[in-house]
Structure formats: C-alpha cells, structure tokens
Amino acid sequence: PWTPAITDNSQGKTGLLYNWTITPVGSFTSLATLTNANTNSPSLSFADLQYPDANQNYTLTLTVTSSDGCTHSYSQTLTLYARPNADFDLPANACGPITVSPTTTGTDYGSNGTITSWNWTVTDGASFSQTATTANPSFNLPVSTAGAVTYTFSQTITDDNGCSDVVSKDFTVFPTPTANFSLASSTCTGTNINTLFSTGTSSSSNDPTNATLTYNWVITDATGNTVHTDNNTLPNYVFVNTTTATTTYTVTLTVTNSSGCSNTLPANITVYPDAIAQLNTTSLSACAPFTIDGTNLFATTYPTNGTYTWTITDGTTSTTQTGATGLNYTINNSNTTVTITLTVTSANGCNSNTATATITTYDDPDPSWTLNATAGCNPFTPSIASVTATATGLTHSWTIVDDATGTQVGSTLSGLSPTLPQLSNTSNTNNATYTITHTVSDQNGCSDSQDLTVTVYPTPLAAFNINT
C-alpha cells in the first residue's frame with residue numbers, strides 16, 4: 001500500500017473551490033482511493049500491488065475555481081510500483097547437523113525492477129540466530145539432542161524502486177539419537193561379546209515423544225572384513241583369535257530413532273590368543289646316555305605366552321624345569337622312554353596349553369662273549385668260544401692290552417670271531433695277565449663292551465750245577 005503526501009500549492013482569491021480527481025492511465029482496475037477531494041487537503045491511498053502484476057500509472061488532477069468563476073487545472077502522473085515478491089524453497093525437514101541452502105527460484109519470486117538486496121534471518125526463537133545478505137546463502141543448523149527444533153527462515157528483498165517484501169518459512173531439524181555403550185578394552189579368544197558390556201547400552205532416541213530405537217551392530221576384524229552383524233540390543237558373537245599374536249576387532253553401533261535419524265559409535269577391542277605350546281619336535285631317540293636340552297628340544301616363543309614349564313616323567317618319578325630353553329635332562333639308561341610335557345601359560349590370563357614329546361634311548365647291543373680257555377702256559381694263544389650279538393649290521397672290535405705295561409698288543413681286530421694273537425710271559429716265576437675288550441656297535445651308533453682277563457703262566461726254568 002502507498003499513501004502519497006499531497007501538498008496544496010494553489011494560489012488565488014480567498015474562497016477557492018477545489019476538485020481533485022485520480023484517473024488510471026491505461027486499462028486496469030484502479031487501486032486508488034481519494035477522499036476529501038473538494039478540499040485543499042485531500043487524502044490519497046493505493047491498495048497493495050505486487051509482482052507479477054505490472055506497475056500502474058495514474059493522473060492526479062487538481063482543478064481550482066475562484067470566486068469569480070475562473071478555473072485552472074494542474075495534473076501530475078503518479079506511478080504505483082508493484083512491490084517485489086519474496087519467495088524461496090527449502091529442502092524437506094531432515095536430521096542435523098545439516099547445511100540448508102534456500103533457493104530463490106520460487107514460483108512467484110521476482111520484481112518488475114531489479115532486486116538489489118537480500119536480507120536473511122534464521123532463528124529457532126531461542127538462542128540460535130544467523131543472517132546473510134546474498135541471494136543464495138547457506139546456513140549450518142546443528143544437531144539436536146533434545147527433540148525436534150523448528151527454525152524460521154525469513155527472506156527480505158528490496159528492488160531498485162525501494163520496494164520490499166518479506167516471506168518466512170519453517171524448517172524442522174529432527175532429533176539425532178545418541179549411540180552409547182561401554183565395552184571392555186580386551187578379552188581372550190572364545191569370549192562372547194555379550195559378556196563384555198560393563199553397563200549394557202545406554203543409547204537414547206533424544207525424542208521426548210518417542211523413545212523407540214533400532215540397533216545395528218557391525219563387527220569387523222583387523223583387515224576390515226565384516227564378521228558379524230546384529231540387530232539386537234546387545235550383539236551375540238564369540239571373538240576368535242587363532243593366530244600367534246594379539247588382534248583387534250572394531251565394534252560399531254548405529255542407532256536409529258523414529259524420525260530416521262542415526263548416530264554411530266565405534267569401539268576397538270583387543271583379542272588375545274590362548275597360550276601356544278609348540279615344540280620343535282614331538283619325538284627324539286638316541287643312545288644312552290642321552291642329554292635333552294635347549295639344543296635339541298625347545299619351545300617356540302610367542303609374545304602372548306607367559307611361563308614355560310617342563311615336566312619330565314620316566315614312569316616312576318616326575319621332575320619339573322622352567323624356561324622356554326631351560327630344559328636339561330639326561331637319560332642314563334638304554335632302552336628307556338621318558339615323556340616330556342611342556343605347559344605354557346598365557347601372559348594375558350587366557351587358557352594354558354600343553355605339548356608332549358616322547359624321548360627314547362635305544363637298546364645297546366650285548367657285548368657278551370667267552371673264551372675256550374682263559375689261562376694257559378707261555379706262550380698262550382686264546383681263542384673265542386662264543387659271541388652273543390651276532391645280528392647283521394653289528395660292528396665288532398677287539399683290543400688286547402698288556403696289564404703289566406698298559407700297552408696294546410698288536411692292532412685292533414674286527415669281525416665276529418677274529419684270530420687272537422699269541423700271548424707271552426717272559427717271567428719264570430710270575431703270571432702275566434692280558435685284558436681283551438670286545439666292543440659291539442649297532443647302526444644307531446650305540447655300543448657296549450665287555451672285558452675278559454687272560455692269564456699266561458710262566459715257563460719254569462730247569463737248571464742245576466754239578467760239583468766235581
């Protein structure tokens with residue numbers, strides 16, 4: 001609406017008569033209202049005119065008549081500008097945070113002139129307020145955690161005629177829920193996740209009118225692969241770690257409220273493996289005496305293992321030793337079996353584990369043998385009467401040592417029944433003794449020996465003197 005101020009500047013004798021008229025210029029319905037048209041202070045007003053209607057021109061005419069009957073008329077053209085039409089579009093109501101960019105391309109938006117300024121205000125009626133002075137601004141609306149929040153967007157435009165218009169529209173930010181849970185930071189393999197929540201979940205819809213929430217749990221392994229999804233309030237999944245080191249799972253909860261708004265919270269959990277008892281071998285065999293130590297039987301170490309304990313059982317007694325390479329035990333007897341059990345504890349309180357090795361000493365070959373005679377007169381040649389170990393693959397060696405001098409007689413002999421050398425006694429009065437050693441070795445490298453003593457009697461000396 002427009003009410004122009006009219007000032008009468010007419011001159012004449014006292015008692016002028018006034019006649020004001022307002023006439024449309026063109027063919028349109030007049031929006032003018034003229035009152036007090038026969039006074040020197042008329043009142044003219046125009047009803048509202050708004051784009052897309054065209055501007056309107058009017059002729060305002062004043063005719064004055066003097067007391068003498070003389071008249072004069074004066075006219076001016078008035079232009080009634082159609083004020084511009086403010087209009088904009090907003091996107092559909094949505095969850096926060098959101099950037100809202102009104103578009104000034106509404107159906108009725110525009111002006112008969114040129115729009116020269118835009119003034120925007122956005123307010124929630126409380127503490128939030130933002131302004132802008134561009135045609136297409138953007139406003140950042142925060143997340144709401146206390147129910148839906150309605151924001152009023154107001155656009156004021158002004159054109160080059162000085163005319164303006166304002167329009168307001170509402171945009172609602174739906175409440176965003178809060179995903180929340182408290183999960184243990186670590187656990188052992190074989191543990192169900194539903195036992196690891198300290199206080200369950202305390203998620204909230206943040207909607208005072210509807211507390212409904214839907215849950216979506218996603219569990220991914222260390223490589224990022226999804227291993228489990230769950231829509232229960234608490235998930236049901238057993239963590240597994242069959243590797244030799246710790247591994248990390250990521251547990252992500254997404255909650256969605258009745259407005260379709262979601263919130264996501266991730267948490268990592270370290271999963272330890274059980275203890276790993278791993279031996280370099282599960283069986284060893286050798287000749288007695290056989291020493292088992294860290295060079296031939298040892299545990300593979302892993303960072304998640306704790307202590308290493310060895311239990312050695314020979315069927316009658318049991319002893320323990322500690323340390324991954326701390327084993328040191330000797331089997332002195334042949335044909336003996338010993339069980340060695342390694343027990344490993346977890347450094348993280350997970351299950352222990354055991355591994356067993358069986359240690360065996362071979363049966364030594366029997367070195368028993370006999371002579372046809374163990375004593376005789378000088379010179380004496382002993383001969384082998386029998387040898388107990390006669391199996392194929394055995395190695396026999398024979399040595400003869402002079403007990404008086406400690407020196408070996410002849411070379412070392414071999415074979416099952418070699419010919420023994422002649423033994424002598426240089427004394428006429430004392431026996432001479434020799435030790436014959438028979439050593440038997442088998443294909444495992446095991447050996448044993450037996451000594452027999454041979455006695456060579458002295459040859460008496462016949463002698464006499466004749467006195468003449």
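Quick note: numbers below take in every heavy atom, side chains included, and nothing from hydrogens, waters or symmetry partners. Quick caveat, the model's predicted, so the values are computed rather than measured.
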Identify each donor-acceptor pair in which a side-chain atom of residues 127-136 lies under 3.5 Å from a protein atom, sequence neighbours left out, and give them as a table.
unit_1	atom_1	unit_2	atom_2	d
Gln130	NE2	Asn140	O	3.3
Asn136	OD1	Thr104	N	3.4
Asn136	OD1	Thr104	OG1	3.2

Looking at [X] and [Y], would you say the former's side chain and the latter's main chain have a donor-acceptor pair under 3.5 Å?
X	Y	value
Asn180	Ser203	no
Asn296	Asp293	yes
Ser259	Cys261	no
Asn305	Ala275	no
Asp363	Asn335	no
Trp217	Asn232	yes
Asn231	Tyr215	yes
Asp221	Asn225	yes
Asp314	Thr317	yes
Thr361	Thr336	yes

Take Thr311 and Ile340 through the test side chain to side chain contact (heavy atoms under 4.5 Å, CB included) and record every step on the way to the result.
CA-CA 6 Å; Thr311 302; Ile340 298 179; over 6 Å; no
Assess the residue pair Thr33 and Leu44 against the criterion (side chain to side chain contact (heavy atoms under 4.5 Å, CB included)); give the C-alpha distance rounded to whole Å, side-chain angles, the decisive distance to 0.1 Å, and a yes or no.
CA-CA 6 Å; Thr33 299; Leu44 177 62; over 6 Å; no
Heavy-atom side-chain proximity of [X] to [Y] below 4.5 angstrom:
X	Y	result
Leu196	Asn194	no
Trp369	Ile436	yes
Leu423	Val454	yes

Restricting to ring pair (Phe, Tyr, Trp, His ring centres under 6.0 Å), what partner residues turn up for Tyr237, sequence neighbours left out?
His228, Phe239
Using the ring pair (Phe, Tyr, Trp, His ring centres under 6.0 Å) criterion, which residues pair with Trp310? Sequence neighbours excluded.
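In terms of ring pair (Phe, Tyr, Trp, His ring centres under 6.0 Å), with neighbours along the sequence ignored, Trp310 is linked to no residue.
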Do Asp87 and Lys169 meet the salt-bridge criterion of a basic N to acidic O distance under 4.0 Å?
yes
Indicate, with yes or no, if the rings of Phe139 and Tyr151 have centres closer together than 6.0 Å.
no
Is the distance from the ring center of Phe88 to that of Trp118 below 6.0 Å?
no
Side-chain donor/acceptor pairs under 3.5 Å, residues 264-274, sequence neighbours excluded:
unit_1	atom_1	unit_2	atom_2	d
Thr264	OG1	Thr254	OG1	2.9
Asn268	OD1	Thr250	OG1	2.8
Asp274	OD1	Asn351	N	3.1
Asp274	OD2	Asn351	ND2	3.4

Pairs where residues 126-157 contributes a residue and the test disulfide (SG to SG under 2.5 Å) is met, not counting sequence neighbours:
none
Which pairs count as disulfide (SG to SG under 2.5 Å) when at least one residue sits in residues 282-357, sequence neighbours excluded?
Cys188-Cys350, Cys287-Cys446
Mind checking whether His396 and His438 have parallel, tilted or perpendicular rings, split at 30° and 60°?
parallel
Evaluate side chain to side chain contact (heavy atoms under 4.5 Å, CB included) for Asp366 paired with Asp448, printing each intermediate quantity in order.
CA-CA 7 Å; Asp366 189 348; Asp448 200 2; over 6 Å; no
Distance-only donor-acceptor check, side chains Thr3 and Ser45, under 3.5 Å
no
Distance only, no hydrogens: is a donor on one side chain within 3.5 Å (strictly under) of an acceptor on the other, for Gln56 and Tyr81?
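The answer is no; no qualifying pair exists.
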Name of the residue among Thr145, Asn257, Thr178 meeting side chain to side chain donor-acceptor pair (under 3.5 Å) with Asn206:
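Going through the options one by one, the only one that passes is Thr178.
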How far apart are the C-alpha atoms of Phe46 and Tyr58, what are their side-chain angles, what is the distance that settles it, and do they pass the ring-ring contact (aromatic ring centres under 6.0 Å, His included) test?
CA-CA 10 Å; Phe46 294 89; Tyr58 293 83; 4.9 Å; yes
Contact summary for Asp230 and Pro235, nearest pair of heavy atoms:
OD2-CA, 3.4 Å
Thr79 to Asn55 - nearest heavy-atom pair and separation:
CG2-CB, 4.4 Å
For a side chain to side chain contact (heavy atoms under 4.5 Å, CB included) check, start with the C-alpha distance between Val255 and Ser262, then their side-chain angles and the critical distance, and finish with the verdict.
CA-CA 5 Å; Val255 293; Ser262 299; over 6 Å; no
